[in-house]
Amino acid sequence: MKPKMIWANFAVANLERTQNFYSALGFKPNNPNSSNELVSFFVGENDFVIHFFLKNIIESNVKNVVFGDPQKSSEIIFTLSAETKGQVDLWANEVKKAGGTIVSEPEEFGEKYYGFVFADPDGHKFNVFKM
């Protein structure tokens, strides 16, 4: 099997809040696939797609799967790459301004890594790292 593309699907409580948060961070809307059930964004140079579905919609679509509470656990953590330490710090400020939560402040990890973890308004966690 050789998939042509991969995308991520998250369950959220409020589509407007999600759209506002990720738009404020500069994610590029994938408007043709947005509706009253989901909003979608392209991420990165290769246009990785992240869909944010209303929780009840995605659970009914995937049958027999219950999405956990991202405030209490993590289903996955994506890492967003930064080119410089300054860019990492800028991301942290932008996340705060957009209404996200900084889970761990920017810091160095060994000689090669600098980054932080944030949560979106629904609790989905992301790393931002300069590697």
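All values below were derived from every heavy atom in this structure, side-chain atoms included, with hydrogens, water molecules and symmetry-related copies excluded.
- Side-chain atoms of Leu54 and Leu38, non-hydrogen and from C-beta on, never get closer than 4.5 Å to each other.
- Of all the heavy atoms in Phe116 and Ser104, the pair that sits closest is CB-O, 2.9 Å.
- Atom CG of Leu90 sits about 16.0 Å away from atom NZ of Lys85, to the nearest 0.5 Å.
- Pairs of residues two or more places apart, or lying in two chains, that qualify as side chain to side chain donor-acceptor pair (under 3.5 Å) and include a residue from residues 120-131 are Arg17-Asp122, Thr18-Asp122, Tyr22-Asp120, Glu75-His124, Thr79-Asn127.
- At least one test fails for Lys55 against the ring of Phe67: distance under 6.0 Å to the centre or angle within 45° of the axis.
- Taking a 6.0 Å sphere around CD of Gln71, one finds it holds more than 12 heavy atoms contributed by other residues, nucleotides or ligands.
- Closest approach of Pro121 to Gly99, counting heavy atoms only: CG-O, 4.1 Å.
- Between Gln19 and Leu15 the shortest side-chain heavy-atom distance does not fall below 4.5 Å.
- Partners of Glu45 by salt bridge (Lys or Arg N to Asp or Glu O under 4.0 Å), not counting sequence neighbours: none found.
- Side chain of Ser73 to main chain of Pro70: no donor-acceptor pair is present (N/O by atom type, distance under 3.5 Å, no hydrogens or angles).
- Below 30°, between 30° and 60°, or above 60°: for Phe118 and Phe126 the angle between ring planes is below 30°, a parallel geometry.
- By the 6.0 Å contact criterion, CG on Asn46 is open, its count of non-hydrogen atoms from other residues, nucleotides or ligands being 12 or less.
- Ser40 contributes atom OG, which lies 8.5 Å from atom CZ of Phe52 (distance to the nearest 0.5 angstrom).
- Residues Ile77 and Ile6 fall into different hydrophobic clusters, defined by Ile, Leu, Val, Met, Phe, Trp and Tyr side chains chained together at heavy-atom separations under 4.5 Å.
- Following chains of ILVMFWY side-chain contacts shorter than 4.5 Å, one can reach Ile76 starting from Phe48, so the two form part of one hydrophobic cluster.
- Asn30 has its side chain out of reach of Phe41: every pair of non-hydrogen atoms, C-beta onward, lies at least 4.5 Å apart.
- Shortest non-hydrogen contact noted between Gly115 and Val88 is CA-CG1, 3.8 Å.
- Counting non-hydrogen atoms of other residues, nucleotides and ligands closer than 6.0 Å to OH of Tyr113 gives a total of 12 or fewer.
- Contact of the Trp7 side chain with the Val43 side chain is not registered, since no non-hydrogen atoms from C-beta on lie closer than 4.5 Å.
- Closest approach of Leu25 to Ala98, counting heavy atoms only: CD2-CB, 4.1 Å.
- Side-chain atoms of Val12 and Phe53, non-hydrogen and from C-beta on, never get closer than 4.5 Å to each other.
- Contacts of Asp89 classified as side-chain hydrogen bond (donor to acceptor under 3.5 Å, both in side chains), with partners at least two apart in sequence or in another chain: Tyr114.
- Contact annotation: the side chain of Phe10 approaches that of Ile50 to within less than 4.5 Å [non-hydrogen atoms, C-beta and beyond].
- At a threshold of 4.5 Å between non-hydrogen side-chain atoms, the residues Leu80 and Phe27 count as touching.
- No more than 12 heavy atoms of other residues, nucleotides or ligands shown are found within 6.0 angstrom of CD on Glu16.
- Under the 4.5 Å side-chain heavy-atom criterion for Ile, Leu, Val, Met, Phe, Trp and Tyr, Ile58 and Phe78 are members of the same hydrophobic cluster.
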